[in-house]
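Count residues from 1 along the sequence. The basis for the numbers below is simple: all heavy atoms, side chains too, and nothing from hydrogens, waters or symmetry mates.
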Amino acid sequence: MIQAKVPINVRYAETDQMGVVYHGNYLAWFEVARTQMFKDVGLPYKKIEADGYHLPVLEVSLKYHRPALYDDDLVVTARLAEKPVLRIKVQYEVHRGDTLLVTGTTMHAFIDHEGRPVRPPPYVAEKMNEVFK
């Protein structure tokens, strides 16, 4: 398993009129944690994209347990629980202290510049074999 934990402080612009985080903002926070997780294991998105690959979101799911509010200090965790082969399933949790607010998943696959599905670059497969020993 690999994971990254990223602190987020809820900005006013991320909330609705009630001071509750707008639901779509969780996806942006998921992306922050996911890209940090890949960077932490030596696979920065910038390099992957420079090499001609992209990792679009194919599926997304979120479950809202409790609302996040303006000025909350949150921790967003992104986790790869199993070694990816062709598709990459990332799991997420958002906490305020010990309180679980949101859980979710995203599913990704590698594509080339023309949008065609492709196998991951060899260095990604090698790194996944290394971290999932």
Side-chain angles (χ1 to χ4, degrees):
M1 176 182 76
I2 60 173
Q3 70 177 14
K5 293 183 180 221
V6 176
I8 300 284
N9 178 264
V10 178
R11 298 173 297 174
Y12 186 77
E14 295 169 318
T15 64
D16 61 19
Q17 192 173 16
M18 299 177 294
V20 173
V21 169
Y22 173 70
H23 66 276
N25 287 314
Y26 292 96
L27 295 174
W29 297 342
F30 286 5
E31 179 182 346
V32 170
R34 180 177 66 249
T35 56
Q36 187 63 51
M37 177 182 64
F38 277 89
K39 191 175 191 177
D40 288 350
V41 297
L43 296 171
Y45 265 49
K46 191 170 186 174
K47 176 180 176 21
I48 292 169
E49 290 180 349
D51 291 342
Y53 299 89
H54 299 282
L55 279 165
V57 175
L58 303 176
E59 297 175 23
V60 64
S61 70
L62 290 96
K63 183 171 182 178
Y64 304 96
H65 304 274
R66 300 228 184 275
L69 307 171
Y70 169 64
D71 203 32
D72 276 351
D73 289 317
L74 309 176
V75 175
V76 181
T77 302
R79 177 179 302 114
L80 273 178
E82 54 191 46
K83 182 174 96 173
V85 181
L86 294 177
R87 292 187 177 208
I88 300 172
K89 181 179 180 180
V90 184
Q91 301 168 333
Y92 306 89
E93 292 182 351
V94 179
H95 285 85
R96 178 181 51 235
D98 293 333
T99 303
L100 178 64
L101 304 180
V102 173
T103 54
T105 61
T106 57
M107 184 75 71
H108 307 261
F110 283 91
I111 62 170
D112 63 16
H113 282 303
E114 283 77 42
R116 293 181 303 238
V118 294
R119 294 194 174 278
Y123 62 86
V124 171
E126 289 168 13
K127 180 59 77 172
M128 290 299 147
N129 285 333
E130 178 183 313
V131 298
F132 282 96
K133 285 185 179 180

Practice problem: Show your reasoning for whether side-chain hydrogen bond (donor to acceptor under 3.5 Å, both in side chains) applies to T103 and H65. | Solution: CA-CA 8 Å; T103 54; H65 304 274; 3.1 Å; yes
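- Between A4 and A33 the shortest heavy-atom distance is CB-O, 3.8 Å.
- Placement of Y45 and I88 within a single hydrophobic cluster is found when ILVMFWY residues are connected by side-chain heavy-atom separations under 4.5 Å, directly or transitively.
- With hydrophobic clusters built from ILVMFWY side chains whose heavy atoms lie under 4.5 angstrom apart, V21 shares a cluster with V60.
- Atom CG in N25 sits 11.5 Å away from atom CZ in F30 (nearest 0.5 Å).
- The ring of Y26 has its center closer than 6.0 angstrom to the ring center of Y64.
- Counting heavy atoms from C-beta outward, P121 and D51 have side chains that stay 4.5 Å or more apart.
- Tested against Q3 for a side chain to side chain donor-acceptor pair (under 3.5 Å), the candidates R79, E93, Q36, Q91 yield a single pass: R79.
- Of all non-hydrogen atoms in L100 and R66, the two that sit nearest each other are O-CG, 4.0 Å.
- In this structure, OG1 in T106 is found 2.5 Å from NE2 in H108, a value given to the nearest 0.5 Å.
- Atom-to-atom distance recorded for M1:CE and F132:CZ is 8.5 Å, nearest 0.5 angstrom.
- Note that NE2 of H54 is 8.0 Å distant from CG of D112, once rounded to the nearest 0.5 Å.
- Looking at every heavy atom in both residues, Y123 comes nearest to I48 through OH-CA, 3.5 Å.
- Contact annotation: the side chain of H23 never approaches that of L62 to less than 4.5 Å [non-hydrogen atoms, C-beta and beyond].
- In this structure, V32 is a member of the same hydrophobic cluster as V57, with clusters built from ILVMFWY side-chain heavy atoms closer than 4.5 Å.
- Taking OG1 from T15 and CG from L69, the interatomic distance works out to 9.0 Å, rounded to the nearest 0.5 Å.
- Both L80 and Y53 belong to a common hydrophobic cluster when Ile, Leu, Val, Met, Phe, Trp and Tyr are linked at side-chain heavy-atom distances under 4.5 angstrom.
- Of all the heavy atoms in M128 and K83, the pair that sits closest is O-CD, 3.8 Å.
- The backbone N or O of L74 sits nowhere less than 3.5 Å from a side-chain atom of D72 that would complete a donor-acceptor pair.
- Hydrophobic clustering of Ile, Leu, Val, Met, Phe, Trp and Tyr side chains at less than 4.5 Å, counting indirect connections, unites L27 with I8.
- Taking every heavy atom of both residues into account, M37 and I2 meet most closely at SD-O, 3.7 Å.
- Rounded to the nearest 0.5 angstrom, E14 CD and N9 CG are separated by 8.5 Å.
- In this structure, the side chains of V124 and F38 stay at 4.5 Å or more apart for every pair of heavy atoms.
- The minimum heavy-atom distance linking R34 with Y92 is given by the pair NH1-OH, 2.8 Å.
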